[in-house]
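Have a look at the structure below, then the notes.
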Amino acid sequence: MSPLQFSDLPLDIKKTVLSYILRPEDLKSLCLTSKQIREIVTPQLYRKVLLFIGGHKDVRVSGLLSQSNPGIQHIRKIYLQLEKTFVPPPLVIEEDSDESSEGEGELMVEDISGSARQAQFTVRLLLDFLPNDILETFSWQNWEPFSMDNWILLLKKQRKLKAIECACVNRPFMPVLEKQPEILKNLEGASSLHFYPDNLDRLQACQKILQSQPNITELQLSADRTLADEITEGLQDSSTRPGVITRTIFSHLMPFDTCTAPMILKKLSIDNIDLRYAADTYMKFIKFSCLESLVIGGCVGADAVFAQMSKPHLRPTNLEKIRWFHEETSEPHALEAFEGLLDALNKLKILHVDLNNIVGLPRAGAIAHHGGTLQSLSVRSRMRHAEIQMYDSEPFDEICSNCLELRQLSITFPPTSVTDAAPSADFKTYLRSCKKLRHLVTINFHRWPSTTSPFVGRSRNKLKPLWYDLYEHNLQRLAQQIFVASDENSQEQGWGLGHRSMLAVIAFGANGKTSYDEQGHLVKLKQVSFVRGKQVDPFGVTTMMAVKTVWKMVQFIEPESDILNHSLYDLHDIHNSP
């Protein structure tokens, strides 16, 4: 009997097998194998499209929108990024100058305005040629204003959008919405709203859009600091009355004390909002007991929300995800209130906590309380001009002993040196606790390992860039040791995937950009990730090897590593820098 080939399998089984292929390059190669496989993978390849527009890559958009392209009808999500265009400075001829400029690099200037104008033309072309009513998500992921004409055209041609963004546009919203109220009827199928108000016009537009949505289940509200420049007082809620934000966007739900039909949301994200008096506003017109996901970032008075949510009649019974990014202001009891909420809740699956300038970490017992369901855990606490805080070995072991379902772990490990033959004793103690996590797929170390090598010396935590490659090679050796130790433990316990453990990704540092000081030393390193690879020696023996990669590739190699994409307060600080 001849062996069974992939081509002999039923169509349903082929679709199931090919659905596990995620990398776009692999899907492109599959499209070239056979007509049947191309028909199977084409919808998956074109479902989510990320385009960098505003530069020389815009010429590729015409190929995407060609009528001969069979994948255009399968596009459901479009994310647009503005491509930065660099232009050389104007040539300046200096007369009677004996100074030579040899060796000086030309300063390249970003032509943001020119790129934005070209990008708007490309967006118009995209909206004109896309088939009607196929998009579910259209996101303009830039800080440059979006064209109001393009926004109106989007709502008219794509009436099945599920996610609506009310971002910065090049002219006021309200005159358009009052003149063309029928365009809001096209949003009735939307379930997710993202509001980024930065002026009164957009606050009023957010209210109009929100009032027209009968099926809203997801809300993201992020207040911009530029609001404070236009509104001198009464922006946030107070003890006497609601602030401008709440009494404008949610005016159709007033008075809040007698709100009989509160918003029933599954996902809520709030950023840069004062929540000190949320018990009289947000807790009145939003039914917090129905939440499944809650994200709070940079919000003053978050402890008041946690205290209210701990009460039996407001306690979410189906809450599975909490992300709390907090910077110390004037609430000394914010961490205690958060721990009380963790004790009151059950069945959390995702818990991300990033604390800035707060002494202490969430109590290990409060985290271990969710050990039966917790799958993703990230905890980080930093003090200004001080070392990043970490758990002692016993509390960390308590977390690992109880949270046996963890698949993703991002936490601060004890210090160690990459130039030593083996990790430090405290580092090994942490690793022994991690061996209890049989399902662990991704581990992220917040603290960068030190080095004592005279060639890769760090002066005041500043790494010499000329020797960075050698430091990175030492990181690879440390990751290799962790992979090997994990595999040996898996064989002893009879866990994992045959001869190896489930551990697939090891990363150091937070996701972000590399920064330099005035002397050119590396002050802040970008995240370095290692995944499992293979190496073949001269005798043909294949062994496992830790291979460096980047997050953009990790998401296709191991999808259950999305914890690496959260740089937490690193991005929050950038967005709110003056």
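All of these numbers come straight from a predicted model, not from anything done at the bench. Throughout, residue positions are numbered sequentially from 1 according to the sequence presented.
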Query raised in the report: With no hydrogens and no angle check, is any side-chain donor or acceptor of Lys157 less than 3.5 Å from a backbone partner on Leu127?
Result: yes
**Report entry** Side-chain donor or acceptor of Arg23 paired with backbone N/O of Met553 under 3.5 Å
**Finding:** no
Report summary line: Given the options Val123, Thr137, Leu50, Leu126, Ile78 meets side-chain contact (heavy atoms from CB on, under 4.5 Å) only with Leu126
Requested in this report: State whether the number of non-hydrogen atoms from other residues, nucleotides or ligands found under 6.0 Å of Phe121 atom CZ is greater than 12.
Outcome: no
Query raised in the report: Are the charged groups of Asp487 and Arg500 less than 4.0 angstrom apart, N to O?
Result: no
Query raised in the report: Atom CZ of Phe195 and atom SG of Cys206: how far apart are they, to the nearest 0.5 Å?
Result: 4.5 Å
Query raised in the report: Would you call the rings of Tyr430 and Phe396 parallel, tilted or perpendicular, where under 30° means parallel and over 60° means perpendicular?
Result: parallel
Query raised in the report: Roughly how far, to the nearest 0.5 Å, is the OG atom of Ser191 from the CD1 atom of Ile164?
Result: 9.5 Å
Query raised in the report: Should we say atom NZ of Lys77 is surrounded by more than 12 heavy atoms from elsewhere, each under 6.0 Å from it?
Result: no
Query raised in the report: Does Leu374 offer a backbone N or O that forms a donor-acceptor pair with the side chain of Glu405 under 3.5 Å?
Result: no
Query raised in the report: Could you walk me through whether Glu136 and Arg47 pass the salt bridge (Lys or Arg N to Asp or Glu O under 4.0 Å) check?
Result: CA-CA 10 Å; Glu136 297 176 359; Arg47 178 174 177 79; 3.3 Å; yes
Report task. Taking only Lys NZ, Arg NE, NH1 and NH2, and the carboxylate oxygens of Asp or Glu, determine whether Arg159 and Asp133 approach each other closer than 4.0 Å. Result -> yes
Report task. Decide yes or no for Leu377 and Cys403: does some side-chain heavy atom of the first lie under 4.5 Å from some side-chain heavy atom of the second? Result -> no
Report summary line: CG (Leu406) and OG1 (Thr373) are apart, to the nearest 0.5 Å, by 10.0 Å
Query raised in the report: Taking NZ, NE, NH1 and NH2 as the nitrogens, is one of them in Arg532 or Glu558 under 4.0 Å from a carboxylate oxygen of the other?
Result: no
Query raised in the report: Do Asp26 side-chain atoms and Ile21 backbone N/O form a donor-acceptor pair below 3.5 Å?
Result: no
Report task. Could you tell me whether the side chain of Asn444 and the main chain of Ala507 form a donor-acceptor pair under 3.5 Å? Result -> yes
Query raised in the report: Quick one: does Lys349's side chain have a donor or acceptor within less than 3.5 Å of a partner on Ser376's backbone?
Result: no
Query raised in the report: Are there more than 12 heavy atoms of other residues, nucleotides or ligands under 6.0 Å from atom NZ of Lys208?
Result: no
Query raised in the report: Below 6.0 angstrom between ring centroids: does that apply to Phe427 and Phe445?
Result: yes
Report summary line: Separation between CE (Met545) and CZ (Phe483), nearest 0.5 Å, reads 11.5 Å
Requested in this report: With side-chain contact (heavy atoms from CB on, under 4.5 Å) as the test, would you mind laying out the steps for Ile350 and Gln408 before giving the verdict?
Outcome: CA-CA 9 Å; Ile350 299 175; Gln408 303 184 57; over 6 Å; no
Query raised in the report: Backbone N or O of Ser29 within a donor-acceptor pair of the Thr33 side chain at under 3.5 Å?
Result: no
Report task. State, yes or no, whether a side-chain contact exists between Ile134 and Arg76 at a heavy-atom distance under 4.5 Å. Result -> yes
